[in-house]
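Working notes for the structure below.
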Amino acid sequence: MLAIQLIREKTDWVKQRLAVKHFDHPEWIDEILQLDAQRRQLITEQDQLQNLRNAASREIGMLLRTGQHQQAETQKKEVIQLNTQIDELEKQRQQIEQQLEHLLLQIPNLPHESVPIGKSADDNVVVRQGGKIPTLPDNALPHWDLSVQYDLIHLDLGTKLTGSGFPVFKNQGARLERALIQYFLDFNTRAGYIEYLPPLLVNEHTAFGTGQLPDKEGQMYFISDDQLYLVPTAEVPLTNIYRDTILSPEQLPIKLTAYTPCFRREAGSYGKDVRGLNRVHQFDKVEIVQLVHPDHSYEVLEEMVVHVENLLKTLELPYRIVKLCGADMSFTSALTYDFEVYSAAQQRWLEVSSVSNFETFQTQRMKIRFREGKQTRLLHSLNGSSLALPRIVAALLENYQQPNGIHLPQVLHPYFGADKISPPAD
RNA sequence: GGAGGGAUGGCAGAGCGGUCGAAUGCGGCGGUCUUGAAAACCGUUGUCUCGGGCAACCGGGACCGGGGGUUCGAAUCCCUCUCCCUCCGCCA
């Protein structure tokens, strides 16, 4: 959520920035300003009347104590008059505020100055590329075939147990998943991130805090009996840990990491994009989150990008880093880098991480602040995947397939307990 | 699931329906003392918001778990929701 003062003070600049995100209702900004002016006017009037009421009530107390009941009664009648006026103003104010909030919630975050102008994902800018794209043997298979051949992942079984998009990992497949999670968490904690294991169900306050509500309501699974949402990413519970807190400068930066399964309804997805592990309803992901001083958040963003990049390098996968253009960014982000890994058998780039700076867009909602002198100030929040597992697994299987098995990168050997995935014994 | 108790400032802990934004203690910050530190003493110490100076500040309003009600007036009374504690039951 944008700060109303920002809209007030830099109206034209806000509109100009929103245009980069292809936000096509600049008139809402004007409506917001109008409502804001009305709101402040009403508050001023109401406060004045309440001031009068407080004084009068105090006087009534005095009158009663000194036995002047007559005067007290006339005073009471006046205050009752006042109260009807106050109630009227209060009703108006609430209505205005509701409209204001409704509009404000539909304004996306402003893109950073460096965000590329663009109309679609085609206009994203490749920042760096690394690793080597392997040449595969002639009979190379995509990961969904390898999964079956090596008895690693069973999508049809998931369909039987739950529905489509809920993969079942088995044997070496399950072990690989566990190894990756463990490795990623170790990599993050070594870099100073504090490990958490948060709840997988969150309430609506929490979902609202990071911006999942109301914007992406349909994307989350909802437990209606208890009014709880299944987490679509660890970002949600992790960032909300610090909701409604005022930190001291010495506590900064806050660096958090967590593994959680992620649940996404992905309504409306179809076709080859969803084949195999490319898009599923439940997947594993390790997330990193930082809450930092607003003056340094873009340095921290670069630091997080390098962190994820280093992790990817150790997996020895061909990758590239993409800076998202205005049209492709999320509602809440000010600047986002996507990480993609090359899936050699599918011959396409798959997104495995998204690292973003949200500036104060989330912290404004969550009221995450720090003390700066006598003032309080909003922190900046950032997060990124490090990493999302399914497409990493897909790329590992496809890129490393050899006639005698799937050779794993060295860093995984101790976690996996072997240097390769062996063909099933049969 | 059943019965009872509770939710107050960073923490602990008071609070007859009317100068209560809230006693007191601890902690924090500033100062005196000291070569320095500790102790002692003095002072200070919440958040949000509106208005004015458009800055260090000043004035108003709101906030004692959330929401609603009674009243001229509510931290204090009533209703409701949430959470916490104790006991019983059930259970990984």
Side-chain angles (χ1 to χ4, degrees), chain A residues 1-11 32-101 104 197-209 213 222-229 237 240-252 254 291 294 360 362-379:
Chain A
M1 198 159 65
L2 294 181
I4 188 78
Q5 309 99 279
L6 183 68
I7 298 177
R8 264 204 306 259
E9 286 160 21
K10 298 184 174 179
T11 311
I32 285 171
L33 286 175
Q34 212 180 330
L35 288 167
D36 177 54
Q38 288 180 48
R39 175 181 152 270
R40 290 191 293 160
Q41 174 63 30
L42 286 168
I43 288 175
T44 304
E45 287 176 35
Q46 194 183 344
D47 284 357
Q48 282 165 359
L49 293 182
Q50 284 179 343
N51 185 19
L52 288 179
R53 176 178 65 186
N54 291 344
S57 291
R58 228 170 300 154
E59 207 180 312
I60 290 169
M62 302 262 281
L63 292 171
L64 289 176
R65 234 172 296 135
T66 52
Q68 298 169 272
H69 292 91
Q70 202 67 2
Q71 287 94 320
E73 287 308 314
T74 40
Q75 273 279 44
K76 280 189 191 181
K77 287 192 185 111
E78 279 176 39
V79 176
I80 290 172
Q81 282 289 347
L82 265 179
N83 274 338
T84 57
Q85 289 182 58
I86 292 171
D87 287 348
E88 181 53 34
L89 289 173
E90 170 71 15
K91 241 188 276 171
Q92 286 180 36
R93 206 198 80 222
Q94 280 182 8
Q95 202 192 330
I96 298 276
E97 284 184 346
Q98 214 180 330
Q99 291 175 41
L100 186 61
E101 160 119 337
L104 223 36
L197 191 61
L200 305 182
L201 291 168
V202 294
N203 60 33
E204 61 177 335
H205 276 107
T206 302
F208 176 83
L213 290 179
F222 182 58
I223 314 287
S224 57
D225 278 355
D226 299 284
Q227 304 280 300
L228 296 171
Y229 295 88
N240 272 280
I241 288 171
Y242 285 93
R243 191 175 70 217
D244 293 319
T245 51
I246 301 175
L247 296 156
S248 58
E250 309 86 70
Q251 291 176 274
L252 303 176
I254 303 287
L291 297 170
T360 59
Q362 296 181 324
T363 55
Q364 167 85 27
R365 290 184 177 200
M366 285 183 279
K367 305 278 175 279
I368 305 180
R369 292 156 294 169
F370 72 105
R371 282 186 200 287
E372 191 167 63
K374 301 196 79 172
Q375 310 266 324
T376 64
R377 199 173 154 193
L378 292 170
L379 287 163

Ignoring hydrogens and angles, state whether a donor on the side chain of A:Gln94 or A:Glu90 is under 3.5 Å from an acceptor on the partner side chain.
-> yes

Over how many whole Å does the gap from A:Arg53 atom CZ to B:G18 atom P extend?
-> 17 Å

Is B:U70 paired to anything, Watson-Crick or G-U wobble with both distances less than 3.5 Å, and if yes, which nucleotide?
-> none

Is A:Arg39 touching bases, backbone alone, or none of the nucleic acid, heavy atoms closer than 4.0 Å?
-> sugar-phosphate

Answer yes or no: does a side-chain N or O of A:Asn83 lie under 4.0 Å from OP1 or OP2 of B:U71?
-> no

Atom pair distance, as rounded to whole Å: CD1 in A:Ile43 and C1' in B:G51 | 11 Å

So, is A:Arg369 close to the B:C48 phosphate, meaning a side-chain N or O under 4.0 Å from OP1 or OP2?
-> yes

Respond yes when some side-chain nitrogen or oxygen of A:Arg40 is under 4.0 Å from OP1 or OP2 of B:G51, and no when none is.
-> yes

In whole angstrom, what separates A:Gln364's CD from B:C48's P?
-> 12 Å

Give A:Leu82 one of three labels, base, sugar-phosphate or nothing, depending on what nucleic acid heavy atoms sit under 4.0 Å from its own.
-> nothing

Within the pair A:Thr245 and B:G10, is there a side-chain N or O less than 4.0 Å away from OP1 or OP2?
-> no

Which nucleotide, in any strand shown, forms a Watson-Crick or G-U wobble pair with B:C83, with both distances under 3.5 Å?
-> B:G6

Closer to the 5' end of RNA chain B via nearest nucleotide, is it A:Leu64 or A:Gln46?
-> A:Leu64

Does OP1 or OP2 of B:U47 have a side-chain N or O of A:Lys367 closer than 4.0 Å?
-> no

Select base, sugar-phosphate, or nothing to describe what A:Gln75 touches, counting heavy atoms under 4.0 Å on all strands.
-> nothing

If we ignore angles and hydrogens, is there a donor and acceptor under 3.5 Å between the side chains of A:Gln75 and A:Gln71?
-> no

Would you indicate, yes or no, if B:A62 has its OP1 or OP2 atom less than 4.0 angstrom from a side-chain nitrogen or oxygen of A:Asn54?
-> yes

Which whole-number value in Å describes the distance from A:Gln41 CD to B:G52 P?
-> 11 Å

Please give the nucleotide sitting opposite B:C91 as a Watson-Crick or G-U wobble pair, both distances under 3.5 Å, or none.
-> none

A:Thr206 and A:Arg243: side-chain donor and acceptor closer than 3.5 Å?
-> yes

Watson-Crick or G-U wobble partner for B:C41, using a 3.5 Å limit on both distances?
-> B:G31

Using the P atom in both, what is the distance from B:C11 to B:G27, to the nearest Å?
-> 16 Å

Rounded to whole angstroms, how far apart are CD1 on A:Ile60 and P on B:G17?
-> 19 Å

Between P of B:G10 and CD of A:Gln251, the distance in whole Å = 14 Å

Do NZ/NE/NH1/NH2 and the carboxylate oxygens of A:Arg40 and A:Asp36 come within less than 4.0 Å?
-> yes

Classify the nucleic acid contact of A:Ile80 as base, sugar-phosphate or nothing, counting any heavy atom under 4.0 Å across all strands shown.
-> sugar-phosphate

Grab the CD-P distance between A:Gln50 and B:U49 for me, whole Å please.
-> 17 Å

With A:Arg365 as the cation and A:Phe208 as the aromatic partner, state whether NZ or CZ is under 6.0 Å from the six-membered ring centre and within 45° of the axis.
-> yes

B:G51 C1' sits how many Å from A:Glu45 CD, rounded?
-> 13 Å

Does a side-chain N or O from A:Arg371 land closer than 4.0 Å to OP1 or OP2 of B:U47, or not?
-> yes

Check the side chains of A:Gln251 and A:Ser248 for a donor-acceptor pair under 3.5 angstrom, ignoring hydrogens and angles.
-> yes

